[in-house]
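For reference, the structure is listed below as structure tokens.
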There are 2 protein chains.
Amino acid sequence: MTNQDLAGVEDPLRFEYCFPGSEKIQREVEHDGETLRIPVRRIHVSGEPGHIDLDDTSGPEDIDVTKGLAPLRERWVAARASEENQSQMHFARRGIVTPEMAFAAAREGMEPEFVRAELAAGRAVLPANIKHPEVEPMVIGRAFRVKINSNIGNSAVSSSIEEEVDKLRWSTRWGADTVMDLSTGPDIHETRGRIIRNSPVPIGTVPIYQALEKVNGVPEDLTLEAYIETLVEQAEQGVDYFTIHAGVLLRYVPLTANRITGIVSRGGSIMAKWCLTHHKENFLYTGFEEICKVMKKYDVTFSLGDGLRPGCLADANDEAQFGELETLGELTEIAWRHDIQVMIEGPGHVPLDKIQENMDRELAACHEAPFYTLGPLVTDVAPGYDHITSAIGAANIGAMGTAMLCYVTPKEHLGLPNRQDVKDGVIAYRIAAHAADVAKGHPRAREWDDAMSRARFEFRWEDQFNLSMDPITAREYHDETLPAPAAKTAHFCSMCGPHFCSMKISEDVRKMAAEQGISEEEAVQEGMQKKSEEFAASGGKLYTEVRSSDA
Amino acid sequence: MTNQDLAGVEDPLRFEYCFPGSEKIQREVEHDGETLRIPVRRIHVSGEPGHIDLDDTSGPEDIDVTKGLAPLRERWVAARASEENQSQMHFARRGIVTPEMAFAAAREGMEPEFVRAELAAGRAVLPANIKHPEVEPMVIGRAFRVKINSNIGNSAVSSSIEEEVDKLRWSTRWGADTVMDLSTGPDIHETRGRIIRNSPVPIGTVPIYQALEKVNGVPEDLTLEAYIETLVEQAEQGVDYFTIHAGVLLRYVPLTANRITGIVSRGGSIMAKWCLTHHKENFLYTGFEEICKVMKKYDVTFSLGDGLRPGCLADANDEAQFGELETLGELTEIAWRHDIQVMIEGPGHVPLDKIQENMDRELAACHEAPFYTLGPLVTDVAPGYDHITSAIGAANIGAMGTAMLCYVTPKEHLGLPNRQDVKDGVIAYRIAAHAADVAKGHPRAREWDDAMSRARFEFRWEDQFNLSMDPITAREYHDETLPAPAAKTAHFCSMCGPHFCSMKISEDVRKMAAEQGISEEEAVQEGMQKKSEEFAASGGKLYTEVRSSDA
């Protein structure tokens, strides 16, 4: 669906428009005397297996943006109001399976007790600020489905609050599991509030951006107090996870001087500047215990930022990057002493052969806390295609155990993403995450591929479109060559043409074997012979067109 | 560059249009008293390192399609006319470094003797039919730059011969290293001839398609005689490599009966049908020695086809696929006894965790003959995006040692690719191949990335565009947000805005260190302080816009 196409569509956000043949359903799961309603996108399939259920992160369909979503978790949070530490990790470590854990477990098709155990061990996080009751609980960890994050945020050409909510919904429509709001500027508070009230997915932020505005944009004027004031303000609104660059230590900064691209994280360079100006240790590091107090009160999850991540292949896996990673591990231990949930941010730009070391070191240094990476991009030379360069790295690091992948759009390094770029980024990352799920052997991942392959073999074209990650594009591409409605039920496609198809022969062979109970080999022979007689009788040629890559 | 954009461009094929800032040059290399002119695309860079040289596969710029290219190899071939076996492997094994080997070595930046040794060992091929003197010699093997293949071929909506030559040039313009002509139909002979006469890159075909037409499209009427007649016809025209499905043995066919997608290779299913109809062994297998006679006379390279490759994740790495691979290894040994060059075709659809086994088994079973794979796609669920699903697999298997990657376009499984699809496919595969080159540590691969990273750090925007794999798209995306000419020299971009940039600070710090000879740490501090004073003086805010994924 291109932007041009969108012009003629009344509401391109509509579920029915994006996913024909799919239905939003709520699967009911009992937990502790209560019925949990798990959001599912059900794709109806005319052949085997009847339907495919996918996790649905897009929330309720018809919403009033000014009112926000229903507060799903309100009673669950209220029931725990007496607790000083509100963290899901805190409850998990005390052996309590919260409704949030049961909800997230049902989405994964796993046992609630397993989710609890992973949270207790710190191998997973369940980002759900008590002030964000609208969130539909989900779990991020390497035992679970690989998640993806998309970024939104207003820009200089300032967009309206409605537009920001629309961007949120556009991201989750295509499958974003969390969204980071990177907005800045005068309306930052109101924009964030409106996004959170309308978000069924966890919302992350980088609080240093707003803290900096509080000190008029001068990094050296930043203080722990101003920063914590910002954390409280955002936590009160319901932000579910904070990127905090507490690992950028004074002694690491000079290690970046000989890099080709120096420091490329904005948060990282702000803190580097603060450290060097004052010649003091990073106040986010020295004040970490103070920060923990806010985090556990609201159950905000730490996303420990990699402020010294590499900005190009040449800088990957260097001393600065891995030095900071060690410090993030140290901070993880401190957070865990408070039962606060932690994930670890990772790069960035890394050549294919150096990705495994990133995963190995993260698991070792950070005690198996979930890894959350940006790509990584596996080459620097393809701006305009960085959703692809980074999806390659993301699929790999996902298969190795990274729990969440932050998307990259085609505009990365060049400009601000538009609607089409956001969709392209989300879909490239859904591909990477799903490929990783299949490789990891997630129990339900391959069902989807197999349903598609069956539909393909049986020439169920409507099923093929409906099962696609992007049904509209799949149908549009098919119809460019064969627009007639009859082609949707024909047992051929434009690639090999109507007169010959290897899949068709194999299909007939199999049917005969089943009907006649003959051996596979006999069946194959008989089937082939019959088919050959048919073809001989029709006098037709075997094929008329060429399949693009079927050599 | 979208199709729409192309409408207004006089000749979108022009080198100058596609690669502003680049120059086609010929690097002169002496070999055996002769000057070889090696085609190079030189990207001029205003900063370090001055320029980047890339292999240029697109041939001479101004050509007369009716006359064809100059016969570069004419004298080299003539000088060897007395030899019965014309294969480059034959000469390599006798210790002879041919001009073709020297030419290919210069393209890789390697010693001619190394190319000779790799060819002699069968670890590389140099596809160059003696009847295709226009080809600019290149080498395919895992010690060399990873190559990519693109497919062309007329379709039912029959295109003109001129259009086919245009498709060839469009593919090589964006970086295809070889092209397979999959044309069928009445003009097949003339079309192929015209393509070869105008092709600076090796041309491959699947001769079974034309052989089948000679027997009126009835597979069971195929004979070795009709097939060899086709081989001779095509070899005489100058085809450089033939896909031959000689490994589809009778006993393997029943192993595909329980697959989800059966046999998906057209050549494979044609041969399966022949075997089963006659209940005889594949005539390409029993007649392999006869086929070898043609191959060595013209120096046509075997591309042993994987007729039983998996058509979906579920069928990957099964008995049928690996059974055939063993047979391809056996055929490799026979071909090598005749000093005939061989590469081995591979899948297809393979989950990420099963790719390594494909590479390992191919190297073992086929004695390190070069592997040439189609993707593989790492998921089945994203039709419309299969250039991405397969580039993920291709980058991985390339990094593991696959020598050539056959591209997949976004239209795969849906329809016939148009011009934009071909470009998207080629670029996705250039990305995969380059990422693999970097991962393998090809001596010159990373230079390009580092040149881009330096340009990025120093805000040399024109250099960034010119160094991009697709300069037009990079510039277009940048200009969507910042169209003014001044933005091309500005030390900021639309992502972080004009008032703050982490890269800018790091840059200033480094300059000071160099000028003042102070220690890195001191330099960093001093630089930061100065910068902070500047900012304080300007009273400006640090940034006004948000960078899409720079959390």
Side-chain angles (χ1 to χ4, degrees), chain A residues 151 153 155-156 182 206 217 243 254 257 260-263 266 269 273 276 312-314 351-353 378-384 392 395 399 414-415 431 434-435 438-439 448-450 452-453 457 468-469 473-474 477-478 481 494 502 506 520-521 524-525 528 541-542 544-546 549-551, chain B residues 151 153 155-156 182 206 217 243 254 257 260-263 266 269 273 276 312-314 351-353 378-384 392 395 399 414-415 431 434-435 438-439 448-450 452-453 457 468-469 473-474 477-478 481 494 502 506 520-521 524-525 528 541-542 544-546 549-551:
Chain A
N151 294 327
S155 61
L182 306 180
V206 188
T243 291
I260 288 187
T261 56
I263 299 174
R266 274 198 302 159
S269 61
K273 189 163 189 226
L276 292 167
C312 64
L313 299 193
L352 261 180
D353 59 314
V378 295
T379 170
D380 302 323
V381 298
I392 293 170
L414 294 168
I431 288 169
H434 181 70
V438 168
W448 187 9
D449 297 271
D450 293 355
M452 173 67 86
S453 302
F457 189 70
S468 295
M469 213 166 256
T473 298
Y477 283 3
H478 175 270
T481 323
S494 61
S502 56
S506 304
E520 269 181 19
E521 187 163 359
V524 170
Q525 290 168 44
M528 291 296 176
K541 294 183 67 176
L542 279 194
T544 57
E545 296 180 275
V546 75
S549 55
D550 199 356
Chain B
N151 295 328
S155 62
L182 307 179
V206 188
T243 292
I260 289 187
T261 56
I263 299 174
R266 273 198 304 160
S269 62
K273 189 163 188 225
L276 292 166
C312 65
L313 299 193
L352 260 179
D353 58 314
V378 296
T379 170
D380 302 324
V381 299
I392 293 171
L414 294 168
I431 288 169
H434 181 70
V438 168
W448 188 9
D449 298 271
D450 293 354
M452 173 67 85
S453 302
F457 188 72
S468 295
M469 215 167 255
T473 298
Y477 284 2
H478 174 270
T481 322
S494 62
S502 56
S506 304
E520 269 179 21
E521 188 162 357
V524 170
Q525 290 170 43
M528 291 295 176
K541 293 185 64 177
L542 278 194
T544 56
E545 295 180 276
V546 74
S549 53
D550 199 357

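For clarity, every value in this text was computed on a predicted model and none was experimentally measured. Just so we're on the same page: letters track the sequence lines, and every chain starts at 1.
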Value rounded to 0.5 Å, distance of OG1 in A/Thr379 from CH2 in B/Trp448:
7.0 Å

Whatever's closer than 4.5 Å to a heavy atom in chain B on A/Met452 counts as side chain

With the side chain counted from C-beta on, respond yes when A/Val378 and B/Val438 share a heavy-atom pair under 4.5 Å apart, and no when they do not.
no

Measuring from atom CG of A/Asp380 to atom OG of B/Ser453, what distance do you get when rounded to the nearest 0.5 angstrom?
3.5 Å

Contacts of type side chain to side chain contact (heavy atoms under 4.5 Å, CB included), residue B/Ala439, not counting sequence neighbours
A/Leu352, A/Asp353, B/Ala399

Residue of the set A/Ile431, A/Asp449, A/Asp450 for which side-chain contact (heavy atoms from CB on, under 4.5 Å) holds with B/Val381
A/Asp449

About how many Å separate OG of A/Ser468 and CG of B/Leu414, when rounded to the nearest 0.5 Å?
7.0 Å

